[in-house]
Amino acid sequence: MAAHYDKVCCQGKRNDIIRELQILSRIEPEETSCHNGKKLNSLDVIASEYGFSSRNAARYLRLNYLIQPFKNLMDENKIALLAAVHVSYMTKEEQQILMCSIRVSALFCK
């Protein structure tokens with residue numbers, strides 16, 4: 001999901017120029033807005049493709065900042081999503097210290 005988000009988010013297209021060329025070529029311009037006029041952002045697009053809310057999609061993308069042992073705990077359902085998101089804001093070194101503390105005290109919670 002993270003790779004797909006990066007692809008959608010960082011397309012680097014000049015939509016203004018593409019739209020002008022489409023108008024000049026008498027091609028119907030592509031819309032980047034919903035039917036109600038709200039502009040879509042990359043996170044909304046990814047969320048709808050994966051069946052998540054945009055808030056949960058942001059949370060799952062944030063998990064990429066976890067060190068592998070915490071990702072493993074997530075896969076094993078031994079740590080809650082929100083707890084993992086909070087841990088993801090720690091530096092890698094802080095995460096390693098926390099993981100050592102968890103292993104020593106055997107605090108696997110869910």
K71/L63 under side chain to side chain contact (heavy atoms under 4.5 Å, CB included): CA gap, chis, key distance, verdict: CA-CA 7 Å; K71 289 179 183 178; L63 298 179; 5.8 Å; no
*Test side chain to side chain contact (heavy atoms under 4.5 Å, CB included) applied to Y89 and V85, step by step*: CA-CA 7 Å; Y89 286 98; V85 168; 3.9 Å; yes
*asked:* Please evaluate residues M90 and I97 with respect to the criterion side chain to side chain contact (heavy atoms under 4.5 Å, CB included), reporting the C-alpha separation (whole Å), side-chain torsions for both, the decisive distance (0.1 Å), and the verdict.
replied: CA-CA 10 Å; M90 301 170 95; I97 292 169; over 6 Å; no
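Separation of atoms CG (L73) and CG (L66) is listed at 9.5 Å; rounding is to 0.5 Å. Remark: N77 CG to L81 CG distance equals 10.5 Å, nearest 0.5 Å. Considering OG1 of T91 and CG of L98, their distance stands at 10.5 Å, rounded to 0.5 Å. Interatomic distance, Q95 CD to K92 NZ, rounded to the nearest 0.5 Å: 5.5 Å. Between Q96 atom CD and F70 atom CZ the span is 9.5 Å, to the nearest 0.5 Å.
Within a 6.0 Å sphere centred on CD of Q68, heavy atoms belonging to other residues, nucleotides or ligands number more than 12.
Using a 4.5 Å cut-off between side-chain heavy atoms of Ile, Leu, Val, Met, Phe, Trp and Tyr, with links allowed through other members, Y65 and Y60 fall into different hydrophobic clusters.
Listed here is the closest heavy atom pair of A80 and M74: O-SD, 3.9 Å.
Judged by distance alone, with hydrogens and angles left aside, the side-chain atoms of R62 form a donor-acceptor pair with the main-chain N or O of S88 at under 3.5 Å.
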